[in-house]
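Data block below; observations after.
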Amino acid sequence: MIAAVILTAMQTAAPPPPVTEEEILVVAGKMRSIEVDIKAPKRSGIVTLERCRVTKPSGYAELDAIPCGVAQQCVAEKLTSRKALTACVEQRSNDRLDAVLTAWRAASGVAR
């Protein structure tokens, strides 16, 4: 039983951060291709977040969590259109993804 739990934990563990510039560039491409399904109806003129799920993950749970987390933050600003929500989610997600890439480069000593 314990072996099954350990095996499951090992299978679901996130891959380690990339360490070379080439690895970082590959992951950066995957990050930019994450696809998200957001259901955000308007209620009383304000966009609400009913559902958010990643439909095409990058393979890195830390990165895949960014768009839906950001969507929750954007909705909290009481946006009045889905277009504004999309723009907010895209901008903030890209900013967070860029910050992750910068942190990975700094941790691995890769300069850019």
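- For the side-chain contact (heavy atoms from CB on, under 4.5 Å) with L79, the qualifying choice from T86, T48, L85, I46 is L85, the only one to do so.
- For the pair V70 and C88, the tightest heavy-atom approach, listed with the atom from each and the gap, is CG1-O, 4.2 Å.
- Rounding to the nearest 0.5 Å places SG of C68 at 7.5 Å from CG of L49.
- Side-chain atoms of K42 come within 3.5 Å of backbone N or O of T80 as a donor-acceptor pair.
- Looking at residues two or more places apart in sequence or on another chain, you find a side-chain contact (heavy atoms from CB on, under 4.5 Å) between S81 and K83, A84.
- Partners of R53 by side-chain hydrogen bond (donor to acceptor under 3.5 Å, both in side chains), not counting sequence neighbours, listed by chain and number: D37.
- Between the side chain of D64 and the backbone N or O of S58, at least one donor-acceptor pair lies under 3.5 Å.
- Listed by chain and number, the residues in a side-chain hydrogen bond (donor to acceptor under 3.5 Å, both in side chains) with S93 amount to none (sequence neighbours excluded).
- With sequence neighbours left out, V100 forms a side-chain contact (heavy atoms from CB on, under 4.5 Å) with E62, L63, I66, W104.
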Evaluate the side-chain contact (heavy atoms from CB on, under 4.5 Å) criterion for residues V54 and I34: first the C-alpha distance (whole Å), next the side-chain angles of each, then the deciding distance (0.1 Å), finally the verdict.
-> CA-CA 7 Å; V54 174; I34 294 171; 3.9 Å; yes
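- Among all heavy-atom pairs drawn from V89 and A71, the shortest one is CG2-CA, 3.7 Å.
- Residue P41 comes nearest to E50 through the heavy atom pair CG-OE1, 3.5 Å, listed as atom of the first residue, atom of the second, then distance.
- For S44, there are no side-chain contact (heavy atoms from CB on, under 4.5 Å) partners, not counting sequence neighbours.
- E90 is linked by a side-chain hydrogen bond (donor to acceptor under 3.5 Å, both in side chains) to nothing, counting only residues two or more places apart in sequence or in another chain.
- For T102, there are no side-chain contact (heavy atoms from CB on, under 4.5 Å) partners, not counting sequence neighbours.
- Listed by chain and number, the residues in a salt bridge (Lys or Arg N to Asp or Glu O under 4.0 Å) with E77 are R92 (sequence neighbours excluded).
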